[in-house]
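Worksheet: the structure to be examined is printed underneath.
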Amino acid sequence: MHVRIPDQPPPGGEEKYPGLRSLFLATLYARRVAEVELWPSQLEAASRSSDLSDDLVVSLPTSAGKTRVAELAALMTLAVGRRVLIVTPLRALSAQTERAFRRTFAPLGYSVSSLYGASGMAAGDEDALRSKEIVIATPEKLDFALRTDPTLIDDVGLIVLDEGHLIGPSEREIRYEILVHRLLRRADAATRRIVCLSAVLPEGQALDDLTGWIRNDAEGQPVQSLWRPTRRRFGLLRSRATSALMSFSLEDDGPFISRFIQPVAPKKGTRKSFPKDNKELTLAAAWKFAAEQKRTLIFCTQRNHVEGYARSIIDLANREFLTSLLDDMASISRAVEIGREWLGEDHPRRSVLKSRSNPSCAVA
């Protein structure tokens, strides 16, 4: 990163940039695992991030370092005294982005705030959008704010469009596209840099069209990389009479673990062993991965299935089939209290946090 982040300050950043660059690198180095080395997927985008006139379209695989690219672009913008706006189409993504940017830029003395939720402006939203150095906002919030007062982002020098592939034919995707179009067509658009990030941008002519749109047809290519920091493997979990087998390819003679999940005898009044069905088998596998310090995501095809999984977790924990995966309840006590305010006393999501199982896997 010392090589990719230039020593020479950007025009207008002669006063702030040298100290800001040094502090930025020092804080990354001081983390529990130092983060001063760029991945192969980040090299080209990091080099181009230093040019404040280069509107970027960056396509990197999931977990290949898009956030660091945005941070480098934000560093250069903050160095010249302009603010940063990050547009994230999902509320959960807004919260995640806020945490990441606060961890990086709060030690540098910069304020980070996020605006998400339904359209409309809550108390303090306009002040945050006008005054905070780094603002994360959903398209709905930003669109409503700009319709109310277009001058709110006059001093913003960088707009990051996260998950740029979420521009399409559905109602919400169209709203996102209209917002981007309005940002690109503002009278002061030429004074503001755009960086579009995504893990699944289109290929070929569609990507060229998107790049030309973001760059206002200026010469320049998108940044693409297929490199990933982890190996991706496909596994198939098959339930059998006495155990569940995990195979790691679709070939009959491929690698496998014969007893990946083994049944547990009935407990506390139940007559059936665990796991007794596909849902319990899924949870048993998630618990096994999580117990090995592997982050686990369970994908549900329907939204209402998520709460069904939560209720199953509570039931299985009460019957001692699922054991605790977190040692310290204090770390999530604040989330339990917020859950009481937002969801109610008996909501399944809050009950899962309160239960003795305390899962470290996510159900989505």
Short side-chain donor-acceptor distance under 3.5 Å, [Y] and [X]:
| X | Y | result |
| --- | --- | --- |
| T104 | R31 | yes |
| T88 | S94 | yes |
| S198 | E163 | no |
| R82 | T77 | no |
| E133 | S111 | yes |

Without swapping roles, check the side chain of [X] against the backbone of [Y] for a donor-acceptor pair under 3.5 Å.
| X | Y | result |
| --- | --- | --- |
| D188 | T191 | no |
| D149 | T151 | yes |
| W287 | L322 | no |
| R192 | I153 | yes |

Please determine whether the number of non-hydrogen atoms from other residues, nucleotides or ligands lying under 6.0 Å from atom [atom1] of [X] exceeds 12.
| X | atom1 | result |
| --- | --- | --- |
| Q205 | CD | yes |
| N278 | CG | no |
| E292 | CD | yes |
| K132 | NZ | no |
| F260 | CZ | yes |

Show the nearest heavy-atom pair for residues P10 and V80, with the distance to one decimal. CG-CG1, 3.7 Å
Holding to salt bridge (charged side-chain N to carboxylate O under 4.0 Å, His left out), I want the full list of residues that pass it with R228, two or more places apart in sequence or in another chain. none
L316 versus L283: any side-chain heavy-atom pair under 4.5 Å? yes
Tell me, do Q224 and L60 make a side-chain contact under 4.5 Å, heavy atoms counted? no
Would you call the rings of W213 and H181 parallel, tilted or perpendicular, where under 30° means parallel and over 60° means perpendicular?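 Answer is parallel, since the angle falls under 30°.
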Qualifying side-chain hydrogen bond (donor to acceptor under 3.5 Å, both in side chains) pairs with a residue from residues 10-21, counting only residues at least two apart or across chains: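 The answer is D7-R21.
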